[in-house]
Amino acid sequence: MLFCRGFSRISRNPRTILLGFILSRPTGPSQSLLSNQYLNSTLKVCAGRETFSWSLPAFLGIGRQIHHQSSSIIEEQLDPFSLVADELSLLAKRLRSMVVAEVPKLASAAEYFFKLGVEGKRFRPTVLLLMATALNVHIPEPTAGGVGDTLTTDLRTRQQSIAEITEMIHVASLLHDDVLDDADKRRGIGSLNAVMGNKLAVLAGDFLLSRACVSLAALKNTEVVSLIATVVEHLVTGETMQMTTSSEQRCSMEYYMQKTYYKTASLISNSCKAIALLAGQTAEVAMLAFEYGKHLGLAFQLIDDVLDFTGTSASLGKGSLSDIQHGIVTAPILFAMEEFPQLHAIVYQGFDNPENVDIALEYLGKSDGIQRTRELAMKHANLAAAAIESLPESNDEQVRKSRRALVDLTQRVIMRNK
Amino acid sequence: MATALSVRIPELPPAGVGDTLPTDLRTSQQRIAEITEMIHVASLLHDDVLDDADKRRGICSLNAVMGNKLAVLAGDFLLSRACVSLASLKNTEVVTLIATVVENLVTGETMQLTTASKQRFSMDYYMQKTYNKTASLISNSCKSIAILAGHTAEVAMLAFEYGKNLGLAFQLIDDVLDFTGTSASLGKGSLSDIRHGIITAPILFAMEEFPELHAVVDQGFKNPANVDIALGFLGKSSGIQRTKELAMKHANLAAQVIESLPESDDANVIRSRQALIDLTQRVLTRNK
């Protein structure tokens, strides 16, 4: 049938693709009227927006979002994680060897969260490795023949080092956070402080931090060292902001977003920027990399906030509710407070009393809090995608694949439900 | 040390720039001192959390006043500020040195927390732990001072050796004072090390002379009777004396290092070097 060919026809303009598809669908007499109407309304829709979503016919059953500058070749459903899977394994192995310590107890504490099976989603290293490829454009500096190759390998190794450093800092902060929060569980197993005590957990965190610093110094790039040092400071500042909020600050969306930037987005944004700097990119490109990381991180955290309420179901209260029970007021509640000022009083009282949790949930359910948080997350996700699309063009297939994967990630961050 | 190493390096740029350069150099060396102090305090804050300490420097510990959480965070904060400051020096060798210090501090603390029985008897293990916990910070920061000043690897190594030997001497006398306190007789000191089960040089030396002490150490010191027994043995042994002698050996090594520095006619340089040597003696003769 005609419609199959519609897909394989080379066409740059997504509207043309859509037209081709619609026009080539089999139409019987009763359907032609329908399809004309459909065509008209769809054309109106196409004209107004750069991006649009459309469903493929039922038998294909996949929903896709096609972007303005889609390539001429049909895109496979890219799994961003699989693009860098091999490299991630290599990194994991190196990380495990990097956190080896002379003192056995310290060694087992330090490697606790790097062992197979509990390395977490490895979201950050994935982003960084993809970013490294996405920015892999030739900088017109003359180098002697052979040196060019070694430089490229060295560059990749250095960028991988950023991914390792980032992961060590991230785990160090988790270890200290769990001590601060008296947490029992992390990544599905006992938290380190629960298993080996607070002392070793604090020490292990310090150890990982120092190992990260040593690795960082080895890169011999002082701008990168500054960036990552700033991240560590931000992590601490974010945690302190969370611990010591005055009542007024707890009700402020601005304060919340600032804290979220420090606690979650700063690490990703600054390491993305570091990746760009190591590659010798311009300040503008480095800034785009930074913006991608920042918006991705913010989107990620906002959805995290939603999931804490909704969990794996769309209804309220099925989530773990761990934030609110710890007295941490997140975006959904902040939005709800705008609609229901009565909620302020509850938030002031705090959530040690479980009844207050129920009252807050009720208000949340009546409000648009969840919806508005999702919308804000989507706004940031789209900003992240836009940053990638603003990168200087490249014809290299690997580069384009990685950029698509980075854009794909911005959607996955929004759509995940755990 | 910064002044002691203040010698003209032949590659210095012409007069105009030369004037500003020493000031910048001095500022960056001062920054090393600040960074060192921040790291030191950060480690104290974390150590007090780890040891459930109530007092520090004559006042309450931070964790006793504001809780463990804020103390851990405060330590992290100081560490991160130190990192930012370190990065601003734009010298990756120095960054590596100081990062290694933090690693050594952690390793030293862990060595102390988790010694298996055998290790607790070993003088080598004890000296290694002492290097990590006390001497590494001073030695590596001294070395950093030298590196910032653009000195050769040999001079940098001398600065390192001064710091290391000074630090070791300091800690050994600290160990003695914990037993002797402000009086020369045993037991007037705070005895805080031994009560926490931390075996220091005097006891290690005593164990060499009185193998019976091994059994007591093995049992641990939760039982105050064991503390008394150990003190008894210590008094009979030359543990205190030998520790003082070891401290003196390290102090003298430190002094010798200063004397091996490249000659200088500058009065300030000479004075600073004399002061550094003087410090090696003060470390020995202090009684608190």
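Bear in mind that the values here come from a model prediction, so they are computed numbers and not experimental data. Every chain is numbered from 1 and lettered A, B, ... according to where its sequence line falls, protein lines coming before strand lines.
Taking 4.0 Å as the cut-off between side-chain N and carboxylate O, A:Glu167 and A:Arg124 do not count as a salt-bridged pair.
Put simply, the side chain of B:Asn226 gets close to the backbone of B:Gly220: a donor and an acceptor are under 3.5 Å apart. The backbone N or O of A:Ala286 sits nowhere less than 3.5 Å from a side-chain atom of A:Gln281 that would complete a donor-acceptor pair. With hydrogens and angles disregarded, a donor-acceptor distance shorter than 3.5 Å links the side chain of A:Gln159 to the backbone of A:Ile275. B:Thr100 contributes a side-chain N or O that, together with a main-chain N or O of B:Thr96, makes up a donor-acceptor pair within less than 3.5 Å.
For chain A, no part of B:Leu86 is nearby; none of its heavy atoms comes within less than 4.5 Å. Contact of B:Asn104 with chain A is not made at all, since no heavy-atom distance falls under 4.5 Å. A:Leu208 does not touch chain B: none of its heavy atoms, backbone or side chain, sits under 4.5 Å away. Of the atoms belonging to B:Val72, it is side-chain heavy atoms, and not backbone ones, that fall under 4.5 Å from chain A.
A 4.5 Å side-chain heavy-atom check between B:Leu204 and B:Ile199 finds at least one atom pair inside the cut-off. Within the 4.5 Å cutoff, the side chain of B:Ile194 has heavy atoms near those of the B:Ile203 side chain. Side-chain contact check for A:Glu239 versus A:Leu235: every heavy-atom pair is 4.5 Å or farther apart.
In plain terms, the two heavy atoms of B:Asp178 and B:Ser192 that are nearest each other are OD2-N, 3.1 Å.
Chain B forms more heavy-atom pairs under 4.5 Å with one residue of A:Val225, A:Val214, A:Leu203, A:Thr240 than with any other, namely A:Leu203. The residue among A:Ser215, A:Ala217, A:Ser226 with the most heavy atom pairs within less than 4.5 Å of chain B is A:Ala217.
Residue-level contacts of residues 257-269 of chain A with chain B do not occur; threshold 4.5 Å between heavy atoms.
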